[in-house]
Participant: 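The structure that follows is given in the form of structure tokens.
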Amino acid sequence: MERTMIAVKSDGVQRGLIGEIIKRFEHKGFKLIGMKLVKPTEDMAKQHYIDLKAKPFYASLCKFTSAGPFVAMCWEGQSIVKVSRDMLGETNPADSKPGTIRGDLCVQVGRNIIHGSDSLETAKKEVSLWFKPEELIDWKSCMESFLYE
Ligand code: DAT
Ligand code: MG
């Protein structure tokens, strides 16, 4: 099983899409392990997007992210890192297929409503950036034997 970090960014929260996004992950069969609504500090936003620090949009991205509210989540499931990226669609909603979250629910790259870790290594870093170990709940889902054989 893999874990990944998914976040509804402030544009997604403002647009009332928290429930829609959680619904897609729940209906897929992934398991929610941790969740919190936060107003990230600028420092947290900068750490979260550290790989993009050379990009011209880094400062405005971090400022926008730290304006909050931001729903940080940890989800678990088989191959979830890759599958969740497929569920998100492309970074630019204009390139995202219908049926994906970004393809269905947003328009512009700077307002693409959702974050998802892009590799297993990034997922580990991001989960530990946003969650203390005791904030992650290890629970057994009663659906497990109907999702996995
Ligand atoms: P993703 O969120 O798909 O992993 P990323 O890590 O390359 O994409 O970029 C992080 C966020 O930065 C992205 O969700 C929106 C913003 N962003 C990316 N490219 C951008 C661009 N060309 N102009 C403005 N914002 C951009
Ligand atoms: Mg990314």
Side-chain angles (χ1 to χ4, degrees), residues 1-138 141 147:
M1 284 297 159
E2 291 176 7
R3 288 182 175 182
T4 196
M5 194 257 168
I6 299 292
V8 185
K9 303 195 277 193
S10 62
D11 42 350
V13 177
Q14 291 286 359
R15 292 189 45 221
L17 294 171
I18 302 170
E20 171 66 27
I21 287 169
I22 290 175
K23 186 195 82 181
R24 291 186 181 220
F25 283 82
E26 272 194 318
H27 286 187
K28 174 70 180 168
F30 291 145
K31 187 163 76 169
L32 185 63
I33 299 296
M35 178 166 73
K36 55 173 131 174
L37 179 72
V38 289
K39 183 177 184 299
T41 59
E42 199 151 343
D43 189 52
M44 280 293 275
K46 282 180 178 161
Q47 282 185 61
H48 177 75
Y49 283 122
I50 194 76
D51 292 346
L52 299 172
K53 69 173 184 297
K55 300 280 185 192
F57 55 83
Y58 180 66
S60 63
L61 174 65
C62 294
K63 207 171 167 129
F64 184 69
T65 303
S66 64
F70 178 98
V71 181
M73 294 179 278
C74 174
W75 287 86
E76 187 182 90
Q78 195 164 36
S79 307
I80 193 169
V81 174
K82 183 201 177 288
V83 173
S84 60
R85 289 291 300 194
D86 291 342
M87 290 166 65
L88 261 60
E90 299 300 320
T91 300
N92 188 341
D95 300 327
S96 301
K97 297 239 165 19
T100 63
I101 292 168
R102 287 169 173 166
D104 288 348
L105 302 172
C106 53
V107 181
Q108 247 189 4
V109 68
R111 298 289 184 270
N112 63 5
I113 70 168
I114 183 167
H115 169 80
S117 309
D118 63 6
S119 70
L120 202 50
E121 193 194 347
T122 313
K124 287 194 175 111
K125 270 193 235 158
E126 291 176 353
V127 169
S128 59
L129 175 67
W130 292 101
F131 293 96
K132 298 180 190 137
E134 63 270 25
E135 291 172 332
L136 299 172
I137 312 302
D138 222 349
S141 164
L147 287 163

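Only this structure's heavy atoms are used, side chains among them; waters, hydrogens and symmetry mates stay out. Start at 1 with the first residue, then count along the sequence. Counting convention: from 1, in listed order, for ligands and their atoms alike.
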Participant: Of all heavy-atom pairs between Pro93 and Cys106, which one has the smallest distance, and what is that distance?
Facilitator: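 Scanning both residues completely, I find the closest heavy atoms to be CB-O, 3.4 Å.
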
Participant: Within the side chain of Asp104, is there an N or O that forms a donor-acceptor pair under 3.5 Å with the backbone of Pro98?
Facilitator: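 Checked: no pair found.
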
Participant: Using 30° and 60° as the class limits, which term best fits the ring planes of His48 and Phe70: parallel, tilted or perpendicular?
Facilitator: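 The rings of His48 and Phe70 stand perpendicular, inter-plane angle above 60°.
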
Participant: Please give the N or O to N or O pairs under 3.5 Å between ligand 1 and the protein, distances rounded to 0.1 Å.
Facilitator:
unit_1, atom_1, unit_2, atom_2, d
ligand 1, 2 (O), Arg102, NH2, 3.1
ligand 1, 3 (O), Arg85, NH2, 3.1
ligand 1, 3 (O), Thr91, OG1, 2.6
ligand 1, 3 (O), Arg102, NH1, 3.0
ligand 1, 4 (O), Arg85, NH1, 2.8
ligand 1, 4 (O), Arg85, NH2, 3.3
ligand 1, 8 (O), Thr91, OG1, 3.2
ligand 1, 14 (O), Lys9, NZ, 3.0
ligand 1, 14 (O), Asn112, OD1, 3.3
ligand 1, 14 (O), Asn112, ND2, 2.8

Participant: Side chains of Thr122 and Met5: closer than 4.5 Å at any heavy-atom pair?
Facilitator: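 Thr122 does not reach Met5 side chain to side chain.
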
Participant: Only counting residues at least two apart or in another chain, list the ones meeting side chain to side chain donor-acceptor pair (under 3.5 Å) with Lys97.
Facilitator: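 Scan of Lys97 (side chain to side chain donor-acceptor pair (under 3.5 Å), adjacent residues dropped) gives none.
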
Participant: I'd like to know if the side chain of Arg85 and the backbone of Gly116 have a donor-acceptor N/O pair within less than 3.5 Å.
Facilitator: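 Such a contact is found between Arg85 side chain and Gly116 backbone.
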
